[in-house]
Amino acid sequence: QVQLVESGGGLVQAGGSLRLSCAASGRTVSTYDMGWFRQAPGKEREFVTVLNRRADNTYYADSVKGRFTISRDDAKNTVYLQMNSLKPEDTAVYYCASHRGGDYFSRYNYDTWGQGTQVTVSS
């Protein structure tokens with residue numbers, strides 16, 4: 001019933017920008033802490049950022065701090081990830097997910113996931 005659908009991925013040059021969207025159905029995103037993770041080929045899925053349900057606190061992985069911004073549009077029931085100053089090492093499949101408790105940084109503490117959207121950054 002609950003669905004999260006990411007979109008907005010694609011090819012971008014290093015230094016460029018991209019905005020990812022996570023559209024939710026069967027769930028109101030403002031009711032949950034919502035995060036973004038990414039997974040590069042051959043690597044573990046890693047935490048990128050999270051926005052709490054009250055939209056008054058965020059956390060960012062050190063690797064993206066200062067470059068990425070998580071936000072939410074309650075009217076559209078959509079979470080966004082604005083990605084600026086992109087680097088080749090940002091290349092990954094990006095997933096949004098709803099937090100279920102525990103720390104924000106473990107993928108095991110999120111219970112609903114989107115299908116992912118591919119981001120490829122060329123050097």
Side-chain angles (χ1 to χ4, degrees):
Q1 224 287 310
V2 177
Q3 293 286 315
L4 301 175
V5 179
E6 301 94 337
S7 62
L11 305 174
V12 64
Q13 301 173 65
S17 297
L18 210 56
R19 189 174 79 157
L20 307 183
S21 299
C22 173
S25 61
R27 169 170 293 187
T28 301
V29 294
S30 63
T31 307
Y32 296 88
D33 303 335
M34 298 292 298
W36 287 92
F37 283 71
R38 66 186 183 185
Q39 188 165 21
K43 307 202 80 176
E44 294 284 328
R45 193 168 298 188
E46 67 174 351
F47 173 81
V48 176
T49 183
V50 65
L51 175 70
N52 75 332
R53 65 193 69 190
R54 280 154 285 279
D56 61 1
N57 199 23
T58 58
Y59 292 94
Y60 294 91
D62 289 342
S63 58
V64 306
K65 200 169 297 179
R67 300 187 297 119
F68 290 10
T69 305
I70 187 170
S71 63
R72 197 179 72 212
D73 186 335
D74 293 345
K76 296 178 179 176
N77 201 32
T78 298
V79 178
Y80 300 99
L81 181 64
Q82 179 66 47
M83 310 165 70
N84 297 328
S85 301
L86 282 161
K87 305 173 179 180
E89 51 262 47
D90 295 319
T91 295
V93 177
Y94 284 72
Y95 301 89
C96 66
S98 60
H99 183 249
R100 66 178 173 188
D103 74 72
Y104 285 135
F105 313 109
S106 170
R107 65 188 184 275
Y108 300 110
N109 292 334
Y110 293 75
D111 61 358
T112 303
W113 295 84
Q115 84 291 342
T117 186
Q118 176 71 48
V119 172
T120 302
V121 184
S122 61
S123 58

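Owing to the predicted nature of the structure, the values given are computational and were not obtained by experimental measurement. Counting begins at 1 with the first residue of the sequence.
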- Working for side chain to side chain contact (heavy atoms under 4.5 Å, CB included), residues Leu18 and Phe68: CA-CA 10 Å; Leu18 210 56; Phe68 290 10; over 6 Å; no

- Message: Restricting to non-hydrogen atoms, name the atom on Gly9 and the atom on Thr117 that form the minimum distance, rounded to 0.1 Å.
- Response: N-OG1, 3.1 Å

- Test side chain to side chain contact (heavy atoms under 4.5 Å, CB included) applied to Arg67 and Asp90, step by step: CA-CA 11 Å; Arg67 300 187 297 119; Asp90 295 319; 2.7 Å; yes

- Message: Set out, in order, the CA-CA distance, both residues' side-chain angles and the distance that settles side chain to side chain contact (heavy atoms under 4.5 Å, CB included) for Arg38 and Val64, then state yes or no.
- Response: CA-CA 11 Å; Arg38 66 186 183 185; Val64 306; 3.8 Å; yes

- Message: Do Thr91 and Gln118 have side chains that approach each other closer than 4.5 Å (heavy atoms only, starting at C-beta)?
- Response: yes

- Pairs where residues 91-108 contributes a residue and the test salt bridge (charged side-chain N to carboxylate O under 4.0 Å, His left out) is met, not counting sequence neighbours: Glu44-Arg107

- Message: When you measure from the side chain of Asn57 to the backbone of Asn52, do you find a donor-acceptor pair of N or O atoms at a distance under 3.5 Å?
- Response: no

- Are the side chain of Thr28 and the backbone N or O of Ser30 linked by a donor-acceptor pair below 3.5 Å? no

- Message: Are Val50 and Tyr95 connected into the same hydrophobic cluster when the rule is that any two of I, L, V, M, F, W, Y join if their side-chain heavy atoms are below 4.5 Å apart?
- Response: yes

- Taking Arg27 for the side chain and Val2 for the main chain, is one N or O donor matched with an acceptor at less than 3.5 Å? no

- Task: Kindly state each residue pair satisfying disulfide (SG to SG under 2.5 Å) with at least one member in residues 26-60, sequence neighbours excluded.
- Result: none

- Message: So Thr112 and Tyr32, do their side chains get closer than 4.5 Å, heavy atoms only?
- Response: no

- Item | By salt bridge (Lys or Arg N to Asp or Glu O under 4.0 Å) - contacts of Arg72 (at least two apart) | Asp74

- Identify, with sequence neighbours excluded, every residue that meets ring-ring contact (aromatic ring centres under 6.0 Å, His included) alongside Tyr104. Tyr59, His99

- Note on the structure: To the nearest 0.5 Å, atom OG of Ser7 lies from atom OH of Tyr80 at 8.5 Å

- Item | Non-neighbouring partners of Asp33 that pass salt bridge (Lys or Arg N to Asp or Glu O under 4.0 Å), sequence neighbours left out | Arg53

- Minimum heavy-atom distance Asn84-Ser17, with the two atoms named: OD1-OG, 2.8 Å

- List for me each residue that meets side-chain hydrogen bond (donor to acceptor under 3.5 Å, both in side chains) alongside Gln13, sequence neighbours excluded, and say none if there are none. none

- Close side-chain approach of Val79 to Ile70, heavy-atom, < 4.5 Å: yes

- Residue pairs passing the disulfide (SG to SG under 2.5 Å) test where at least one lies in residues 17-119, sequence neighbours excluded: Cys22-Cys96

- Task: Could you check if a side-chain atom of Leu20 sits within less than 4.5 angstrom of a side-chain atom of Val119, using non-hydrogen atoms only?
- Result: yes

- Could you tell me which residues satisfy ring-ring contact (aromatic ring centres under 6.0 Å, His included) with Phe37, sequence neighbours excluded, listed by chain and number? Phe47, Tyr110, Trp113

- Heavy atoms only: give me the nearest Leu4-Ala24 pair and the separation to one decimal. CD2-CB, 3.6 Å

- Message: Run the side-chain hydrogen bond (donor to acceptor under 3.5 Å, both in side chains) test against Arg19 and tell me which residues pass, sequence neighbours left out.
- Response: none

- Note on the structure: Between Ala14 and Ser123 the two heavy atoms that sit nearest each other are CB-CA, 4.4 Å

- Tyr60: what forms a ring-ring contact (aromatic ring centres under 6.0 Å, His included) with it, not counting sequence neighbours? none

- Query: Are side-chain heavy atoms of Glu6 and Val93 found at a separation under 4.5 Å?
  - Reply: no

- Any residue meeting salt bridge (Lys or Arg N to Asp or Glu O under 4.0 Å) with Asp73, in chain and number order, not counting sequence neighbours: none

- Go through the structure and list residues passing salt bridge (Lys or Arg N to Asp or Glu O under 4.0 Å) with Asp62, not counting sequence neighbours. Lys65

